[in-house]
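Inspection log for the structure reproduced underneath, given as structure tokens.
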Number of protein chains: 2
Amino acid sequence: MAIDVTPFAGCCGSVTDTALDEGAAGELAAAFKVLADPVRLRLLSMVATAPAGEACACDLVLPLGRSQPTVSHHLTMLVDAGLLTRERRGKWAWYRVVPERLALLRDALAP
Amino acid sequence: MAIDVTPFAGCCGSVTDTALDEGAAGELAAAFKVLADPVRLRLLSMVATAPAGEACACDLVLPLGRSQPTVSHHLTMLVDAGLLTRERRGKWAWYRVVPERLALLRDALAP
DNA sequence: ACTATACATTGATGATCATCAATACGTTGC
DNA sequence: GCAACGTATTGATGATCATCAATGTATAGT
């Protein structure tokens, strides 16, 4: 089941801006939780640095040293978090990063 | 036991820069894991937005609605992660944010 | 010294999560 | 239709973690 289609609706404001209320803190925490895993970070960076800005899931399993279901699970989490998009082409699934989403999280740490 | 005095030694490079190796991904993930909690995010923003750039622990317990030990635990995690500094003055403990540390994490999400 | 206060630590518990084996689903080619 | 392949889902398990009550450790005031 999808974790949350719009975790951290966050449009503006940084942690150093104004004190976060409980709701905003929960959404932001959920967003960072997705980044708080080595496998997901590697997946994100592998897709981000892939040749045409996209990567096939078939090329991500072996280098990570995890089972196919585990990699698929992490990719789904990244998609659900809005950090990646998934596009099926035939038997393969291709992933691209969503820069705006990454920027949103980065801005949450702005001074 | 302190989690790690220098988690994410990270000096340079973003997730979109070059593919992360297992070690770097682990350090980065550990750093984000500290941010991946609502209470810690609220603590961070409360300290960041505090009047003189510092906040007394005594003023952080009630607004969070958590027990004193729980708040103390989260503050310790933030200090161990290098995101906050702690200074004891008499009976009180005063916290300040470490902007450089926050910037380090922000840069890890740079395009 | 004694008491009260502020904070940290310990120990225990329930919840969340990463992981894999097994299985299901959808697509391609024969 | 059938077999092979790439991917997603299910179910189970061990590990990690947030939380609190109880306790420990200082410091300040009387």
Side-chain angles (χ1 to χ4, degrees), chain A residues 1-4 7 22 25-44 46-47 50 54-81 84-96, chain B residues 1-4 7 22 25-44 46-47 50 54-81 84-96:
Chain A
M1 120 238 35
I3 296 167
D4 188 349
E22 200 159 349
E27 290 178 355
L28 234 191
F32 279 126
K33 201 166 295 185
V34 178
L35 293 179
D37 181 272
V39 173
R40 287 194 288 272
L41 281 178
R42 294 188 71 188
L43 282 171
L44 193 62
M46 287 172 78
V47 174
E54 64 179 4
C56 174
C58 57
D59 296 324
L60 300 173
V61 174
L62 272 181
L64 280 177
R66 308 292 154 118
S67 71
Q68 177 270 324
T70 294
V71 173
S72 178
H73 166 246
H74 286 304
L75 284 170
T76 297
M77 287 195 66
L78 287 165
V79 170
D80 287 342
L84 291 183
T85 60
R86 167 161 39 202
E87 183 193 357
R88 288 211 71 145
R89 287 188 221 142
K91 316 197 283 188
W92 298 277
W94 292 84
Y95 293 88
R96 310 186 75 98
Chain B
M1 121 232 39
I3 296 168
D4 189 348
E22 201 160 347
E27 291 176 354
L28 234 192
F32 279 125
K33 200 166 297 184
V34 178
L35 292 179
D37 181 273
V39 174
R40 286 194 289 272
L41 280 178
R42 294 188 70 189
L43 282 171
L44 193 61
M46 288 171 79
V47 173
E54 64 179 4
C56 174
C58 56
D59 296 323
L60 301 173
V61 174
L62 273 181
L64 281 176
R66 307 292 154 118
S67 71
Q68 177 269 324
T70 295
V71 173
S72 177
H73 166 245
H74 286 304
L75 284 170
T76 298
M77 286 196 66
L78 287 165
V79 170
D80 286 343
L84 292 183
T85 60
R86 168 161 37 203
E87 183 193 356
R88 288 211 71 146
R89 287 188 220 142
K91 316 197 282 187
W92 297 277
W94 293 84
Y95 293 88
R96 310 186 75 99

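Below, read A as the first sequence line, B as the second, and so on, with proteins coming before strands; counting in each chain starts at 1.
Proximity of residues 55-62 of chain A to DNA chain D (heavy atom under 4.0 angstrom from any strand atom) is restricted to A:C56, A:A57, A:C58.
Here OG1 of A:T85 is found 9.0 Å from CD of A:E54. Values are rounded to the nearest 0.5 Å. Atom CG of B:L43 is separated from atom CG of B:L75 by 5.0 Å, given to the nearest 0.5 angstrom. Here B:D80 contributes atom CG and B:R86 contributes atom CZ; the two are 7.5 Å apart, rounded to the nearest 0.5 Å. Put simply, NE2 on B:H74 and CG on B:L41 are 10.5 Å apart, with the number rounded to the nearest 0.5 Å.
B:L35 has its side chain within reach of B:L44: a pair of non-hydrogen atoms, C-beta onward, lies under 4.5 Å apart.
Within 4.0 Å of A:R86, counting heavy atoms only, lie sugar-phosphate atoms of the nucleic acid but no base atom.
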Write out a two-atom table: protein N or O, nucleotide N or O from nucleotides 11-13 of chain D, distance below 3.5 Å.
none

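Screening residues 28-38 of chain A for salt bridge (Lys or Arg N to Asp or Glu O under 4.0 Å), with sequence neighbours left out, gives no hits. Pairs passing the salt bridge (Lys or Arg N to Asp or Glu O under 4.0 Å) check and including a residue from residues 67-78 of chain A, sequence neighbours excluded, do not occur.
In this entry the distance linking OH of B:Y95 with P of C:dA6 reads 14 Å, nearest Å. A:L75 has its CG atom 16 Å from the P atom of D:dG6, to the nearest Å. Going from atom CZ of A:R89 over to atom P of C:dT28 covers 13 Å, rounded to whole Å.
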Heavy-atom protein contacts under 4.0 Å, nucleotides 17-26 of chain C, coded B base, S sugar-phosphate only, - none: SSBBBB----

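Taking all atoms of both residues into account, the shortest heavy-atom contact from B:A36 to A:A36 is CB-CB, 4.3 Å. Contact between A:A29 and B:P38 at its shortest, heavy atoms only, is CB-N, 3.4 Å.
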Anything under 3.5 Å between a donor and an acceptor, one on a side chain of residues 56-73 of chain A, the other on a protein residue two or more places apart or in another chain? List them.
{"unit_1": "A:S67", "atom_1": "OG", "unit_2": "A:T70", "atom_2": "N", "d": "3.3"}
{"unit_1": "A:S67", "atom_1": "OG", "unit_2": "A:T70", "atom_2": "OG1", "d": "3.0"}

